[in-house]
Novice: 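Have a look at the structure that comes next, please.
In each ligand, atom 1 is the first atom listed, and ligand 1 is the first ligand listed.
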Amino acid sequence: MLTIGDKQFHSRLFLGTGKYPDFDTQKEAVDVSETEVLTFSVRRMNIFEPSQPNFLEKLDVEKYSLLPNTAGAKTAEEAVRTAKLAKASGLCDMIKVEVIGCDKTLLPDPVETLKATEELVKEGFTVLPYTSDDVVLAQRLADAGAHAIMPGASPIGSGQGIINPLNLSLIIEQANVPVIVDAGIGSPNDVTAAMELGADGILLNTAVSAAAHPVKMAEAMKLAVQAGRLGYEAGRIPKKRYATASSPMEGISV
Ligand SMILES: CC(=O)[C@@H](O)[C@H](O)COP(=O)(O)O
């Protein structure tokens, strides 16, 4: 079981809802993934304009924990305002703090992310900040009261997978809150690698929504999370420099 704040989850896969070819595919992929947490951009939700398109319209949002994100915010102040808007709309079980510091890389602004996290924790939100793979910053966010931390594997939408496994493993080793690897995942292989490092969960979007077959990829990601977690719990063998026979001959007389 994964526990974040006062919520418990069987599934360790968090799924984004954007960029699907159509809403039927989005629903099928979400169903097949067996995710319990959906994330979406508050700014894209037309929250108080029911006449405008609702891109979650095919999903039974009651069934999920909702993790709206503050995408589009460039300052802590904007992120806090967006979070409050999400809460006022009733579409907010937890909040993903996303404060972007660079339009080209979409990497988070560390200073503003920390400020927004501090403020939203004070306001009583369950706060999950999207952060870079900076080990010290991850610790500062946890110290500020973040309920989970979400280091990026690589830039959002890049599909580059885990660029810095050392940093990710250090973040995981020192964290006293769950670590959800978020952004940049390209394939199931990236997911199992992150889970085998000991990540508590994965948040991904583009790898599924932009896959040639989003529904098949959603299933592959679900299985990858499960396989990676099981492998982590099982404990892998240490790597050795030289061979060791698989069928030892010691004690055999003939
Ligand atoms: C939907 C969402 O929150 C994204 O901003 C998230 O970071 C996922 O990134 P990928 O699309 O790279 O999986």
Novice: If I apply the N/O under 3.5 Å rule, does G16 come out as touching ligand 1?
Specialist: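 No; every N/O pair is 3.5 Å or more apart.
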Novice: Quick one, D109 with T113, criterion side chain to side chain donor-acceptor pair (under 3.5 Å). Give me CA distance, side-chain angles, the key distance, then yes/no.
Specialist: CA-CA 6 Å; D109 182 316; T113 300; 5.6 Å; no
Novice: Identify the closest protein heavy atom to atom 11 (O) of ligand 1: which residue and atom is it, and at what distance?
Specialist: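 Minimum-distance protein heavy atom for atom 11 (O) of ligand 1 reads T206 OG1, 2.4 Å.
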Novice: Just to confirm my output: which protein heavy-atom neighbour is closest to atom 1 (C) of ligand 1, and how far is it?
Specialist: N205 OD1, 3.3 Å
Novice: Identify the closest protein heavy atom to atom 4 (C) of ligand 1: which residue and atom is it, and at what distance?
Specialist: K96 NZ, 3.8 Å
Novice: Quick one: which ligand 1 atoms are inside 4.0 Å of a heavy atom on D182?
Specialist: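 Atoms satisfying the 4.0 Å criterion: 6 (C), 7 (O), 8 (C).
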Novice: Does ligand 1 have an atom under 4.0 Å from some heavy atom of G157?
Specialist: yes
Novice: Quick one: do the K7 and T126 side chains pair a donor with an acceptor below 3.5 Å?
Specialist: no
Novice: Would you say ligand 1 has an N or O under 3.5 Å from any N or O of I156?
Specialist: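 Between I156 and ligand 1, no N or O pair is found under 3.5 Å apart.
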Novice: List ligand 1 atoms under 4.0 Å from N69, heavy atoms only on the residue side.
Specialist: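 Near N69, the atoms of ligand 1 are 3 (O).
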Novice: Can you find a side-chain donor-acceptor pair between Q139 and D143 that sits under 3.5 Å?
Specialist: yes
Novice: Answer yes or no: are there more than 12 heavy-atom neighbours, outside R43 itself, under 6.0 Å from its atom CZ?
Specialist: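 Above 12, so yes.
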Novice: With heavy-atom distances below 4.5 Å as the criterion, would you say the side chains of D93 and L67 are in contact?
Specialist: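 In short, these two side chains do not touch, never coming nearer than 4.5 Å.
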Novice: Give the atom numbers and elements of ligand 1 that come within less than 4.0 Å of a heavy atom of L204.
Specialist: 13 (O)
Novice: Are side-chain heavy atoms of P188 and M221 found at a separation under 4.5 Å?
Specialist: yes
Novice: Against ligand 1, does M150 come closer than 4.0 Å with any heavy atom?
Specialist: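 M150 does not count as a contact of ligand 1 under the 4.0 Å cut-off.
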Novice: Between E118 and L114, is there a side-chain heavy-atom distance shorter than 4.5 Å?
Specialist: yes
Novice: Less than 3.5 Å apart, any donor N or O on the side chain of T3 or Q8 sitting next to an acceptor on the other?
Specialist: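 T3 vs Q8: donor-acceptor pair found between side chains.
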Novice: Are G184 and ligand 1 in contact, using a heavy-atom cut-off of under 4.0 Å?
Specialist: yes
Novice: Report the C-alpha distance between V30 and L15 in whole Å, list the side-chain angles of each, state the deciding distance to 0.1 Å, and finish with yes or no for side-chain contact (heavy atoms from CB on, under 4.5 Å).
Specialist: CA-CA 7 Å; V30 168; L15 212 57; 4.0 Å; yes
Novice: Please state which protein non-hydrogen atom is closest to atom 9 (O) of ligand 1 and give its distance, to 0.1 Å?
Specialist: A183 CA, 3.4 Å
Novice: Could you list the atoms of ligand 1 found under 4.0 angstrom from a heavy atom of E98?
Specialist: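 Near E98, meaning under 4.0 Å from one of its heavy atoms, ligand 1 has 5 (O).
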